[in-house]
Amino acid sequence: MALLEVDNISVRFGGIVALDGLSFTIEAGSICALIGPNGAGKTTLFNVVSRVYEPSAGHLRFSGLDLLELPPHQIPRAGVTRTFQNLALFPGLSVVENVMVGAHSHSKGGFAASPFRFPPVPSQEKELRAEAMAYLGQMHLAHLANRPCAGLPYGTMKRIELARAMASHPKLLMLDEPASGLTHSEVDELAGLIGALKDTHELSILLVEHHMAMVMSISEKVVVMDFGRKIAEGTPAEVQSNPAVIEAYLGTPLT
Amino acid sequence: MTAAAAPSELPDTSSEVPTRPNRKALMIKTVLCVVGAVVLIQMPLLMDRSTTQRLTQVLAIAVAVLGLNLLTGFNGQISVGHSAFMGIGAYATAIMMARHESPFILTMMVAMVVAFAVGVVVGLPALRIRGVYLALVTLALAAMFPQLVVRFSGLTGGSTGITLEDTQQVTTPQPVNDLFKSLTGSRLLDNQYRYYLALVVAVVCFVLVRNLVKSRVGRALIAIRDNETPAEVLGVNVGAYKVATFGVSAMLAAIGGSLFVMNADQAVPSEFGIQVSIELLTAVVVGGVATFVGPAVGALALVYVSDLFPKEHPEYAPVLFGLTLIVLMIISPGGIVGLAKQGWARLVRSRSA
Ligand SMILES: Nc1ncnc2c1ncn2[C@@H]1O[C@H](COP(=O)(O)OP(=O)(O)O)[C@@H](O)[C@H]1O
Ligand SMILES: [Mg+2]
């Protein structure tokens, strides 16, 4: 059964139709890639799923839930987390604290318990920090843990965002161009990391990425968009040989 | 993934982590804290009565600045209405002590509850509007407060305010005096007792705010300040957090107002006008935005810097205050605490090198 069902979603900004009746599904435990030229509407879909944009039509179902009924801050608790195409770290927090914010939705302690450090606040704080450190270690960033995140290299900040998203214990992880700004060897490493995270945490992944070699090597399914519409869908092999896709996006067939 | 798995496989990079305090830095910090505590405790025993009263006033203002810093420094919301929240605390204490002879601590608690409620209501627009519009709402509150006090003069004493009679004032309780006498051989004067009372309240507030900021909630507050949409997308209920922060911040300002009246023995509407809000914001900035010690330093600067200005020409004080602020911002945008931190970093670096 599909984990996420995007059903006929449309989004308008004034005269611009950013998404035009987009439909596709993501199977549980799979990696689904969403590709298409700049401006196709990929980030807009992320913003619809995380409830930043209100669609003018359509439905979003996630493991039995109607996501459009939830306010934005309840989306991670439902099991959906994302990263941002343009970095969205918190410069006033250290690297490890940024990752710990990711755990906000499944941790406890509000305005009453936190000032007095009532249980479970102190022990939970230790656990959250240890877990955040573990994710940072997995991304080879543990040595930066107590640094402010401002001023770090682009690729490093992208990995911090990935660690932060993992800290929310997602079922569905949505990655918006995670490989942008990375070197070739770093892209290979990232592909390996994404695969490993998916297996150890039983994740499903929605991947927006322009790096075709990476997309084609790790995805089970590829959805191709242009002008807010789906123009093709299938296995990497099917999509690469689809004439419409080659014309709209890939240019020359990939070998 | 198990939480303990990763750290063991990490390379040792401790030398690259400058923010983790080394042993020497920790030692200096401990010494500074002990010296600070001794100075704070000894102060009223060494100083004359008027200096002690002045320092109690600093503590009262420091608690209000602490609250404003939580809201503005850590959560990024601007308020020019904190004079009114201070005023709510001041009048709750003055009215209850003068008319009902209530114990001070009870009046402070009532002040906290009322200010929290008003703070939440005033903060509600933060659910829909941002930045400068919220500032306008708080501006209206600040402008209204002294007029409301005058309007309800039956309760508040109007523009002459409320003065506590000798029998209504906060004095050293007998058991405390006995204890102090058995320890030191001398009496604990009323102004000294009030100083210690304000010190205890201020330290408790300081510790609680520090705990809050260093918790899951504090990280969420800073996340909201830095990047609101991603904070919401990561699961922070931005609206609820902003409103709650407004309430807590107003509550702290009211505690400051209660302490102020406890020390001054009177509440006058002109002392809780809009210029006080500006002064509180100035103290936040001068002390150091989003720092813990900043509010205390800012409050000290606020009370004592105004003494440095020529008394014959009080009209120059705001101008000189503004100039001082601008010069400080040029030297150190992080305020006095920011300046101290720079010096501290240099000290630690040169010592460990
Ligand atoms: N907040 C917005 N306001 C107006 N137009 C927007 C907004 N967000 C996206 N768009 C428009 O929607 C279209 C799709 O953008 P986007 O989803 O960012 O594309 P992609 O991520 O595929 O490059 C573009 O034409 C873009 O200009
Ligand atoms: Mg995009």
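No experiment lies behind these values; they were computed from the predicted model shown.
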- Task: With a 4.5 Å heavy-atom cut-off (strictly below), which parts of residues 71-96 of chain A touch chain B? List them by number.
- Result: Pro72(A), His73(A), Pro76(A), Thr81(A), Arg82(A), Phe84(A), Ala88(A), Leu89(A), Phe90(A), Pro91(A), Gly92(A), Leu93(A)
- Item | Distance (rounded to the nearest 0.5 Å) between Cys149(A) SG and Asp226(B) CG | 8.0 Å
- Message: Using a 4.5 angstrom heavy-atom cutoff, name the option from Val248(B), Val209(B), Asn227(B) with the most pairs to chain A.
- Response: Asn227(B)
- Message: Taking atom NZ as the centre, does Lys214(B) end up with more than 12 heavy-atom neighbours from other residues, nucleotides or ligands that are less than 6.0 angstrom away?
- Response: no
Could you list the donor-acceptor pairs under 3.5 angstrom formed by side chains in residues 114-123 of chain A, with sequence neighbours left out?
| residue | atom | partner | partner atom | Å |
| --- | --- | --- | --- | --- |
| Ser114(A) | OG | Gly110(A) | O | 2.8 |
| Ser114(A) | OG | Ser215(B) | OG | 3.4 |
| Ser123(A) | OG | Pro120(A) | O | 3.2 |

- Query: So how far is it from Ser168(A) OG to Leu234(B) CG, rounded to the nearest 0.5 Å?
  - Reply: 7.0 Å
- Message: Looking at chain A, which one of Val207(B), Asn211(B), Thr245(B) has the largest number of heavy-atom pairs inside 4.5 Å, strictly under?
- Response: Asn211(B)
- Message: Main chain of Gly109(A), side chain of Arg216(B): is a donor-acceptor contact present, judged purely on distance under 3.5 Å?
- Response: yes
- Message: Measuring only between side-chain heavy atoms, which start at C-beta, is Val217(B) closer than 4.5 Å to His104(A)?
- Response: no
- Residue part contacting chain A, namely of Arg210(B), when any heavy atom lies under 4.5 Å: neither
- Go through the atoms of Phe74(B) and report whether side chain, backbone, both or neither lie under 4.5 Å from a heavy atom of chain A. neither
- Name the member of Ser107(A), Ala167(A), Ser50(A) that forms the most heavy-atom pairs with chain B at distances under 4.5 Å. Ser107(A)
- Message: A quick test of your reading: do over 12 heavy atoms of other residues, nucleotides or ligands sit less than 6.0 Å from NE2 of His59(A)?
- Response: no
- Could you check which of Ala220(B), Ala290(B), Ala231(B) has the highest count of heavy-atom pairs closer than 4.5 Å to chain A? Ala231(B)
- Closest-packed option against chain B by number of heavy-atom pairs under 4.5 Å, given Glu125(A), Glu97(A), Arg51(A): Glu125(A)
- Of Asn47(A), Leu128(A), Val101(A), the largest count of non-hydrogen pairs under 4.5 angstrom with chain B goes to Val101(A)
